[in-house]
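Encoded as structure tokens, the structure appears first; notes follow it.
Note on naming: letters A, B, ... go to the chains in the order of the sequence lines (proteins, then strands), and numbering restarts at 1 for each one.
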Amino acid sequence: MTAPPSPTGIVSVHAAADGQVTVWRREARTGTLHIENTLQRGWVYARNLRDLSALGDSLKVSSEPPAPGAHYHAQDLAPDGRVAERAYRYLLSGPTPRQLETEILRGAMAARSLTARPSFGDLSGYVRLGYTEQHLITTRQTYHQNLTFDDPVRMQFDLETTALSPDEGRIFLIAVRDNRGLETLLEARRAAQEGEMIEAFLDLVRVRDPDVIENHFIHGFDLPFIAARARRLGVPFRLGRTGDGLPWTIEDGSRTPAWACAGREILDTLDAVRRLHLPSSGLKAVARHYGLAPDDRVYLEGTQIVSTYRDHPKLVRQYALQDVQEVDALARIVLAPSFALARLTPRPYHRLTRAGPAKGVLEPMLIRAYHEAGRPFPAPEQGPHDPHRGGHVQLYAEGVLPHIVKADVASMYPSIIRAEGIGPQQDELRIFNRIVSDLTTQRLHHKHQARNPLLPEADRREHHAMQDAMKLVVNAAYGYLGAGRLARLGDRAAADRVTARGRAVLQQVTQELQTRGMQLIESDTDGVYFSTPAPASEEAERALIEDVSATLPEGLTLEFDGRARAMLSHQIKNYVLLRYDGTLDLSGASFESSRSEQYGMAFLRAALRAMLEGDVPEVQAAFEQVMAQLADRTYTNTAVASRVRLGKSREVYAQTRGGRKEAHLEAAWQAGVSFTAGDRVDLYVREGHGLTVMTEPDGHDYDLKHYQAALVHNYATRLRKALDPADWDQLFAGRGPGLFDRPVQQMKVLWRPVRDEDGPDATSSFIPTVR
DNA sequence: TCGCTCCGGGG
DNA sequence: GTGTACGGAGCGA
């Protein structure tokens with residue numbers, strides 16, 4: 001009796017310009033690695049055969065695919081001639097990808113009278129994919145089928161160096177681990193040992209034979225650094241699995257090019273983290289954000305690493321090991337969507353953390369569908385189109401409102417695309433709509449399974465990653481339609497139909513809510529904030545939303561998306577929520593400005609909390625306290641300073657300074673220090689000196705009058721919408737209690753309806769909130 | 001409002 | 001020599 005075959009999945013593909021393709025597969029159960037070598041022809045879609053006219057008879061034109069061993073071949077995908085003028089009617093192929101491309105580019109130079117050999121980037125009339133993409137499409141494969149995240153061998157390594165640049169420093173330590181039990185340190189205490197250490201690292205890579213190599217900022221630091229050191233020390237940096245093993249860089253337009261090598265997928269957790277828009281994308285901060293940092297985590301400043309290694313080497317060793325451990329844990333979270341995405345789209349895993357979801361993920365799926373169907377790839381949309389209108393945004397009320405509910409239309413644009421059968425007009429196979437529909441259906445299944453308590457944790461994670469990946473593609477679909485020339489199957493008119501329908505759906509939601517007595521606050525594209533007329537339980541709120549949802553057309557659902565005790569609605573997309581657990585959520589530029597001073601933000605948070613609790617005396621107390629602390633100079637210069645970016649270097653500013661002074665640059669100039677564009681400095685207004693570069697963080701010589709006024713103008717002003725104008729003036733405009741003043745205890749927190757943008761006069765109908 | 005440049009992140 | 005382009009902030013026109 002033989003065991004059933006163990007399922008395998010692709011972990012890496014290397015497709016070279018000469019047609020050689022190597023595919024690495026892992027067996028999910030046993031971990032065994034299989035290597036397969038094949039040859040592929042290169043293929044490219046073309047509108048016409050003009051550039052290849054020089055080939056004459058050596059270009060065979062036929063409605064059939066090329067025979068094995070064929071030379072240059074053009075498959076006419078519309079032999080009946082019924083095809084749009086600018087469609088990509090021919091599938092060109094050649095003995096190798098390079099030969100085909102060289103032939104096309106050389107032919108184009110002659111046929112179009114160009115003076116230099118063009119590249120495909122500046123050559124219209126072709127659809128060309130990377131060699132690996134070509135192979136995955138022709139063989140109908142994708143990465144990672146049957147594999148879960150830890151089935152591939154994943155290695156993490158991290159360098160400790162004496163400087164940030166390989167010209168100024170060297171590597172003295174490399175921490176290495178993998179997901180098969182390796183965890184080790186390589187060290188070069190003396191400079192003379194660095195080359196051997198790099199060789200030892202490469203040996204380790206060869207022996208452990210990872211499919212995936214990971215680190216945080218590996219493309220921008222570790223790989224360029226170690227490759228440069230290896231070159232300088234005469235060590236061949238053979239990281240890859242075939243040929244000379246040398247890695248190469250992919251110039252993808254980003255400032256730090258991506259590194260790649262044959263047979264090992266190089267993944268940078270930073271690339272994945274950047275998409276999450278966390279306050280910091282650094283490894284330590286992100287690890288803390290996800291609760292991955294161990295209790296005994298060692299934190300070292302970059303500049304301290306060398307001296308710490310000299311005096312307490314154990315600390316640096318622990319630091320480096322914890323780095324690779326954190327990268328491993330972080331990768332499981334942030335790389336999981338890309339890992340799953342690689343099953344859906346014919347692209348290598350390592351390209352997907354950097355690929356845009358529309359052009360980089362969805363479009364290859366569309367091209368694959370046309371290739372499989374053997375149909376011409378459609379012509380792009382013609383000519384310019386009317387300006388594209390987006391979602392509907394409206395403010396209905398401002399001020400402080402109680403019992404807040406947020407509802408949104410689940411995956412609104414994808415749902416509309418699906419429900420209305422919308423897709424690009426040139427997409428004759430209707431593949432765009434089919435992809436969105438299929439992925440939406442499959443996504444629901446994975447979403448459901450991700451929450452299934454009967455499944456093991458690992459399976460649930462896989463389902464979650466899969467639904468995340470599908471969500472990414474599906475959400476990219478609408479943007480792809482409207483993306484203009486960049487998207488080969490873009491269609492502005494179709495994108496307009498999506499948003500128009502979206503505005504109508506949202507309109508219906510807001511009307512239904514109003515009918516049920518809800519006070520709308522703001523609506524934005526696919527969601528709405530509203531206030532219930534009386535306190536309600538979460539169950540009641542959810543029931544209400546379901547009730548409204550039932551009125552929506554087939555395929556569209558309104559979902560509960562959170563609740564809060566109170567909301568300060570300041571401007572459209574600028575609001576503050578006080579949650580039932582006491583957390584304060586600030587949204588929008590009015591509340592999150594990065595230029596804010598510490599003292600002001602501390603006041604604002606305290607005042608907002610009090611305001612949302614309806615406690616005006618406490619707002620006043622917070623204000624008076626900060627004013628008093630400013631006056632008695634409890635605050636330091638640091639607390640009032642703000643960090644600004646300088647737009648010019650000292651030298652450049654010197655040339656314009658005589659004509660027009662710029663406040664920030666002038667302050668830096670006056671400080672007498674050198675600076676270049678992009679430098680950040682802490683500025684504060686110094687008593688008697690105006691705007692000044694902060695040199696004494698613990699000093700107290702700030703300009704009292706300026707900062708007291710700034711507290712009112714920059715911070716208290718964000719509380720205006722919550723109070724009667726006269727009350728606001730009384731509290732913050734600096735007048736003491738006068739004859740006509742109201743006792744603060746009588747002041748109420750308010751809200752008022754807003755009719756529309758340029759609506760009625762601004763002082764109408766204040767209505768106190770019920771507490 | 002658009003288009004350009006710069007940054008992030010790493011020791 | 002291994003492929004068609006990151007996302008946001010801030011600035012000046």
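By the criterion of a centre-to-centre distance under 5.5 Å and near-parallel planes under 30°, the ring of A/Trp248 forms a stack with the base of C/dT2.
The cationic group of A/Arg288 does not satisfy the cation-pi geometry with A/Tyr290, failing either the under 6.0 Å distance to the six-membered ring centre or the 45° limit from the ring axis. For A/Arg189 and A/Tyr309, the positive end sits near the middle of the six-membered ring, less than 6.0 Å away and at most 45° from its axis.
In this model, a side-chain donor or acceptor of A/Arg255 finds a partner on the base of B/dG8 within 3.5 Å.
A straight line from CD1 of A/Ile250 to C1' of C/dA5 spans 12 Å, rounded to a whole angstrom. A/Ile174 places its CD1 atom 18 Å from the P atom of B/dG10, with the value rounded to the nearest Å. Taking atom CG of residue A/Leu315 and atom C1' of nucleotide B/dG11, one finds them 16 Å apart after rounding to whole Å. For the pair A/Leu39 CG and C/dT2 P, the interatomic distance rounds to 20 Å; values are reported in whole Å. Rounded to an integer number of Å, the gap from A/Phe221 CZ to B/dG8 P is 16 Å. One interatomic measurement links the two molecules: CD1 of A/Ile218 to C1' of B/dG11, which rounds to 15 Å at whole-angstrom precision. One atom, CG of A/Leu276, and another, P of C/dG8, lie 12 Å apart when rounded to the nearest Å. Rounded to an integer number of Å, the gap from A/Lys359 NZ to C/dC6 P is 11 Å.
Comparing A/Gly356 and A/Ala15 by the nucleotide of DNA chain C whose heavy atom lies nearest to each, the residue mapping closer to the 5' end is A/Ala15.
Remark: aromatic rings of A/Tyr349 and A/Tyr143 are distant, center separation not under 6.0 Å. Checked against a 6.0 Å centroid threshold, the rings of A/Phe217 and A/Phe221 do not count as neighbours.
At a threshold of 4.0 angstrom between heavy atoms, the contacts of A/Ile305 are confined to the sugar-phosphate backbone, with no base atom among them. Backbone-only engagement by A/Leu283 is indicated by non-hydrogen atom pairs under 4.0 Å involving sugar-phosphate atoms exclusively. Residue contacts shown for A/Thr132 are absent, as no nucleic acid heavy atom lies under 4.0 Å away. Across all strands, A/Arg274 comes closer than 4.0 Å to base atoms (heavy-atom distances). Here A/His14 lies in heavy-atom contact (under 4.0 Å) with a base. A/Gly169 comes within 4.0 angstrom of no nucleic acid atom, judged by non-hydrogen atoms across all strands.
Between A/Tyr319 and B/dG11 there is a side-chain N or O to OP1 or OP2 distance below 4.0 Å. Between A/Arg351 and C/dT4, a side-chain N or O to OP1/OP2 separation shorter than 4.0 Å is present. In this structure, A/His216 does not reach the B/dG9 phosphate: none of its side-chain N or O atoms is under 4.0 Å from OP1 or OP2.
Closest approach to the A/Thr161 side chain among C/dG7, C/dG3, B/dG11 is made by B/dG11 (side chain taken as heavy atoms from C-beta onward). Checking C/dT4, C/dC6, B/dG11 against every side-chain atom of A/Asp323, the shortest atom distance belongs to B/dG11. Taking only side-chain atoms of A/Arg98, from C-beta outward, the nucleotide of C/dG1, B/dG11, B/dG8 with the closest atom is C/dG1. Considering only side-chain atoms of A/Ser280, the nucleotide from B/dG11, C/dT2, B/dG9 that sits closest is B/dG9. Distances were taken from every side-chain heavy atom of A/Arg128 (C-beta onward) to each of B/dG11, B/dG10, C/dT4; the shortest belongs to C/dT4.
For the C1' atom pair drawn from B/dC4 and C/dA5, the interatomic distance equals 16 Å after rounding to whole Å. C/dG8 and B/dG9 are spaced 14 Å apart, taking the P atom of each and rounding to whole Å.
Side-chain atoms of A/Ser642 and A/Glu597 include no donor-acceptor pair closer than 3.5 Å.
The side chain to side chain contact (heavy atoms under 4.5 Å, CB included) test with A/Pro346 singles out one residue from A/His135, A/Gln134, A/Met365, A/Glu133, and that residue is A/Met365.
A perpendicular orientation is assigned to the rings of A/Tyr45 and A/His371, their planes being inclined by more than 60° (bins at 30° and 60°).
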